[in-house]
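Notes follow once the structure below has been shown.
Within every chain, numbering begins at 1; the chains are lettered A, B, ... in the order of the sequence lines, protein sequences first and strands thereafter.
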Amino acid sequence: MKSSTTNYEIRLFDTKSRQLMPLTSSDGEILRIYGCGPTVYRDAHVGNMRTFLLSDIVIRLAKFIGYKVKFIQNITDVGHMSEDFIEDKILAQAKKESKDPYEIAKIYEARFHSDLKLLNINPANNYPKASECIDLMHDLISKLITKGHAYVGSDNCVYFSAQSFEGYGAISGNRLDSLKPGHKFEYTEEGAKRFHADWALWKVAENRTEMIWNSPWGKGFPGWHIECSAMSLHYLNNFVDLHLGGIDLRFPHHENERAQSNCAINNEAVSLWVHGEHLLFEGRKMAKSAGNVVLVSDLIDRNLDPLCLRLCFLENRYRSQMDLSWDSLKAAHQTIQRWRDKILIWQNSKEIDLTEVKKIVNEIITDLIDDLDTPRALQKLRKIEKSQELSDGTKFEVFKEVDVLFGLDLLNSFSSKAEIPSHLNELLSKRAKARSLGDFVESDRLRDLLAENNILVKDGKDGQSWDWLI
RNA sequence: GGUCGGAUGGCCGAGAGGCGAGGCUCGGGACUGCAAAUCCCGCUACACGGGUUCAAAUCCCGUUCCGACCUCCA
């Protein structure tokens with residue numbers, strides 16, 4: 001009996017076939033998902049987070065409708081070369097910070113995990129590191145050499161022969177003959193490779209002394225693309241039902257990965273290729289060079305609930321480029337706050353129409369299985385919020401159920417309030433006292449003073465409350 | 001140059017040929033000592049030029065502008 005069954009069919013846009021394709025478990029047991037993870041040489045910015053959220057939403061949805069899921073996400077801690085093709089990104093950063101390269105990888109990997117947690121992104125089943133999978137890569141490279149898909153070049157590096165794989169270019173639409181040799185090239189000398197579009201699977205150490213390993217082809221380190229083939233095939237038992245990543249990885253990373261994997265198993269190794277579009281910030285692509293990089297920690301510094309980023313992302317479809325701004329983050333922050341406040345009230349109602357709850361949840365799932373139409377699904381939530389017909393209890397039950405899908409953590413409150421300095425706490429007490437005595441001149445003065453310290457004071461039926469100004 | 005996406009009100013943005021998505025801002029009102037929050041009301045847009053249709057933001061043709069990718073990238 002199949003343990004992974006569902007009445008729903010998730011359809012996602014497959015980059016290779018350029019159409020919506022059903023997501024299914026090829027073995028009928030479990031959905032095997034692979035997502036390209038971070039290169040841990042710097043903090044992941046919110047643009048990176050958008051891609052990681054894409055995996056999270058698919059997985060939450062798949063689990064919600066009954067699938068078992070195995071999700072593997074790699075950590076690239078070696079082999080990813082800088083733009084000059086001369087130095088490994090990790091080693092370059094290690095030099096910059098005067099630290100051991102493994103220390104660098106460790107620091108930024110830890111930060112990656114804590115950022116995911118702040119955004120309520122559920123962890124993968126496993127996060128294999130490139131540096132710990134060298135043997136897997138050796139096995140795969142040997143196999144590719146034996147099969148005639150890879151060769152040792154005149155510089156003793158091992159290269160994949162692009163021409164040996166017939167379907168090369170299917171994901172990106174590139175054709176080998178139009179990939180003309182250009183100035184941006186592999187860092188090795190011209191002539192070491194047999195063909196300009198070939199890429200390195202194993203690079204010889206030369207002068208490099210750190211992050212190198214023995215191999216049948218001499219001391220060296222792996223190329224970037226081979227790690228994902230090695231890990232996905234190993235950890236997911238030679239087949240991937242869904243492979244996720246950012247749109248920029250479409251070429252060359254995923255194109256090359258597909259060539260490697262398919263040649264290794266003599267079959268199509270990945271069923272669906274899904275790519276998330278890029279995030280722009282205030283009109284421009286988020287990039288170090290543009291100077292518009294925003295980190296999760298920047299949101300917290302502005303007293304924004306990091307989950308407002310999650311809501312912003314969900315209000316746009318993953319296949320569209322989206323433009324983020326502080327205004328949209330602020331609006332999302334307010335929406336989450338408002339929902340949380342209302343949920344606190346709604347949960348006191350015992351009047352629940354379960355049939356209605358089921359119907360609405362079903363509608364939301366129907367939106368999501370349609371290529372993750374999160375904006376439409378969220379619109380339903382806003383309608384429910386405003387509804388005159390639905391009881392509070394029904395509203396509460398719907399929000400509670402779908403919170404598992406959206407991951408906005410609406411049933412808990414965001415509290416960074418513990419961090420308030422004591423002198424401001426004193427001002428708050430003074431202000432409350434002045435107001436209770438009817439000294440409005442003094443209480444208003446203190447309220448203005450608190451506002452200057454980014455604290456917004458509100459008077460409700462149950463007395464004074466406050467929030468950080470955003 | 002090649003390939004692929006876009007263009008929607010003050011701003012952000014969804015859009016399935018036919019009852020004006022939604023949000024933010026702003027204006028008016030209720031509530032409040034005053035604010036804040038909340039609630040109610042208001043603000044009628046689809047780049048341009050043709051075409052198809054009873055009916056086009058949506059489909060077709062053309063034009064202009066913008067963005068992304070094309071061997072660093074999520």
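Note on A:Arg42: a side-chain N or O is less than 4.0 Å away from OP1 or OP2 of B:A74. Contact between the side-chain N/O atoms of A:Arg338 and the OP1/OP2 oxygens of B:C24 is found at a separation under 4.0 Å. Applying the 4.0 Å criterion to OP1 and OP2 of B:U71, one finds that A:Lys193 has every side-chain N and O outside that range. Look at A:Asn256 and you won't find any side-chain N or O under 4.0 angstrom from OP1 or OP2 of B:U71. For A:Lys342 and B:C39, the shortest distance from a side-chain N or O to OP1 or OP2 is below 4.0 Å.
Nucleotide B:G42 has B:C26 as its partner under the Watson-Crick or G-U criteria, with both atom distances under 3.5 Å. Base pairing annotation: B:U53 forms no Watson-Crick or G-U wobble pair, as no partner gives both donor-acceptor distances under 3.5 Å. B:C4: Watson-Crick or G-U partner is B:G67, with both key distances under 3.5 Å.
Each of B:A74, B:C24, B:U71 was ranked by its minimum atom distance to the side chain of A:Ala331; first place goes to B:C24. Distances were taken from every side-chain heavy atom of A:Arg317 (C-beta onward) to each of B:G15, B:C70, B:G23; the shortest belongs to B:G15. Considering only side-chain atoms of A:Thr39, the nucleotide from B:C40, B:G67, B:A74 that sits closest is B:A74.
The P atoms of B:U58 and B:G9 are separated by 15 Å, rounded to the nearest whole Å. Comparing B:A14 with B:A7, their P atoms sit 8 Å apart, to the nearest whole Å.
For the pair A:Arg340 CZ and B:A37 C1', the computed distance is 17 Å after rounding to whole Å. The distance between atom CG of A:Leu279 and atom P of B:G13, rounded to the nearest whole Å, is 11 Å. The CH2 atom of A:Trp339 sits 10 Å away from the C1' atom of B:G23 (whole-angstrom rounding). Atoms CG (A:Asp327) and P (B:G13) sit 12 Å apart, rounded to a whole Å. Separating the NE2 atom of A:His275 from the P atom of B:C4 is a distance of 17 Å, rounded to the nearest angstrom. The interatomic distance linking A:Phe313 (CZ) with B:A74 (P) rounds to 14 Å, in whole Å. Straight-line distance from the CG atom of A:Asn316 to the C1' atom of B:G6: 14 Å, rounded to whole Å. The nearest whole Å value for the distance from the CD atom in A:Gln334 to the C1' atom in B:U38 is 13 Å.
A 4.5 Å side-chain heavy-atom check between A:Arg194 and A:Tyr159 finds every atom pair outside the cut-off. Side-chain contact between A:Trp326 and A:Leu299: present, with at least one pair of heavy atoms (C-beta onward) separated by less than 4.5 Å. Taking 4.5 Å as the limit, every side-chain heavy atom of A:Asn316 sits out of range of all side-chain heavy atoms of A:Ser320.
Each of A:Arg319, A:Arg250, A:His254 was checked for a side-chain hydrogen bond (donor to acceptor under 3.5 Å, both in side chains) with A:His275, and the lone residue meeting it is A:His254.
Only A:Leu456, A:Val457, A:Lys458, A:Asp459, listed by number, bring a heavy atom of residues 452-464 of chain A to less than 4.0 angstrom from any atom of RNA chain B.
Taking for each of A:Glu277 and A:Lys386 the nucleotide of RNA chain B with the nearest heavy atom, the 5'-most of the two is the partner of A:Lys386.
Residue contacts for A:Asp444: at a heavy-atom cut-off of 4.0 Å it reaches a base atom on one of the strands shown. Across all strands shown, A:Arg250 has heavy atoms under 4.0 Å from sugar-phosphate atoms exclusively, and none from any base. At a threshold of 4.0 angstrom between heavy atoms, the contacts of A:His45 include nucleobase atoms, whether or not backbone atoms are also involved. Residue contacts shown for A:Arg431 include a base, since a base heavy atom lies under 4.0 Å away. The residue A:Gly245 sits close only to the backbone: its heavy atoms come under 4.0 Å of sugar-phosphate atoms, none of a base. Counting non-hydrogen atoms under 4.0 angstrom, A:Gln379 reaches a base of the nucleic acid.
Around atom NZ of A:Lys106, no more than 12 heavy atoms belonging to other residues, nucleotides or ligands sit under 6.0 Å away.
At a cut-off of 3.5 angstrom, the base of B:G23 holds no donor-acceptor pair with the side chain of A:Arg382. Judged by distance alone, with hydrogens and angles left aside, A:Arg447 brings a side-chain donor or acceptor within reach of the base of B:A35, the pair sitting under 3.5 Å.
Ring-base stacking between A:Phe440 and B:G33 is satisfied, the centre separation being under 5.5 Å and the plane angle under 30°.
Classification of A:Asp327 and A:Lys330 as a salt-bridged pair fails, no side-chain N sitting under 4.0 Å from a carboxylate O.
For A:His149, there are no ring-ring contact (aromatic ring centres under 6.0 Å, His included) partners at least two apart in sequence or on another chain.
Judged as a salt bridge (charged side-chain N to carboxylate O under 4.0 Å, His left out), the pairs with a partner in residues 46-61 of chain A (not counting sequence neighbours) are, in order, A:Asp56-A:Arg60, A:Asp56-A:Arg310.
For the residue pair A:Thr394 and A:Glu356, no side-chain donor N or O sits within less than 3.5 Å of a side-chain acceptor on the partner.
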